[in-house]
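Everything numeric here is computed off the predicted structure, so don't read it as measured data. Each ligand, and each atom within it, is numbered from 1 in the order the structure gives.
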Amino acid sequence: MTPTILVVEDEPAIQELVAINLKHAGFLVVRAASAEEAESAIRAALPDLIVLDWMLPGQSGVALAKKIRAEERTRELPIIMLTARVHEEDRVQGLEAGADDYVTKPFSPKELVARVRAVLRRRAPHLAGEAIEVADLVLNPATHRVLAGGQPIELGPTEFRLLFFFMTHAERVFTRAQLLDEVWGDHIFIEERTVDVHIRRLRAALESSGHHERVETVRGTGYRFRGT
Ligand code: CA
């Protein structure tokens with residue numbers, strides 16, 4: 001899975017520098033020049049991490065970080081703050097607002113990429129390319145391969161993303177709208193019954209291994225992946 005990084009920076013040269021370096025490091029990059037633009041990007045599709053400038057026109061980066069932490073949907077989103085401020089109290093304020101890490105301008109692009117990787121490894125190890133295992137079901141995000149009891153399972157791209165999401169969020173119940181948001185990203189234009197179609201395909205692909213029973217329908221709510 002290629003992690004998507006939202007870069008929020010109003011200075012075009014710095015936005016470009018950050019975006020290009022993250023792209024070269026293999027990330028998908030979405031850009032925003034203000035907190036308001038960032039909010040609409042997040043509404044459209046949840047990124048995997050945000051590189052957030054502190055000083056933005058209008059709403060500040062700190063205010064946006066606080067909002068992200070306050071909302072259920074975005075609470076877990078890793079944030080790296082980008083700032084020209086070096087004083088200790090600012091650092092504390094930023095971390096209190098919910099930032100996972102801090103990079104002070106001027107910064108080396110290499111260092112920023114290393115920090116992004118480190119935060120992803122800590123907060124979302126599955127995005128760092130490590131294999132995920134549930135019993136004898138093994139999903140490898142780096143190779144896009146799924147094995148059940150050592151036998152390859154053939155999955156379409158959407159079923160692969162769906163299984164990836166389920167395996168990294170086992171035991172939790174998700175509504176169709178939440179699955180569209182998390183797995184499809186841009187959920188606004190897709191009908192909820194699309195989810196059911198792909199759930200059926202996923203179950204069919206897993207049936208020979210018996211793992212299809214892990215994909216449980218929760219009546220009146222949505223779906224849950226049984227991890228035990
Ligand atoms: Ca700025």
Quiz prompt | pair Pro152-Val146: side-chain heavy atoms closer than 4.5 Å | solution = no
Quiz item: With no hydrogens and no angle check, do the side chains of Thr217 and Arg203 hold a donor and an acceptor under 3.5 Å apart?
Solution: yes
Practice problem: Using a strict 4.0 Å threshold on nitrogen-to-oxygen distance, state whether Arg69 and Asp100 make a salt bridge. | Solution: yes
Practice problem: Spell out the protein N/O/S atoms under 3.0 Å from the Ca ion (ligand 1) as residue plus atom name. | Solution: Asp10 OD1, Asp53 OD2, Met55 O
Quiz item: If two hydrophobic side chains count as joined below 4.5 Å and joins carry through other members, does Val215 share a cluster with Val138?
Solution: no
Exercise. Hey, can you tell me if Phe174 and His169 have their rings parallel, tilted or perpendicular (30° and 60° cut-offs)?
Key: perpendicular
Self-check item: Test item: Phe166 and Ile199 side chains (from C-beta on) under 4.5 Å apart, heavy atoms
Solution: yes
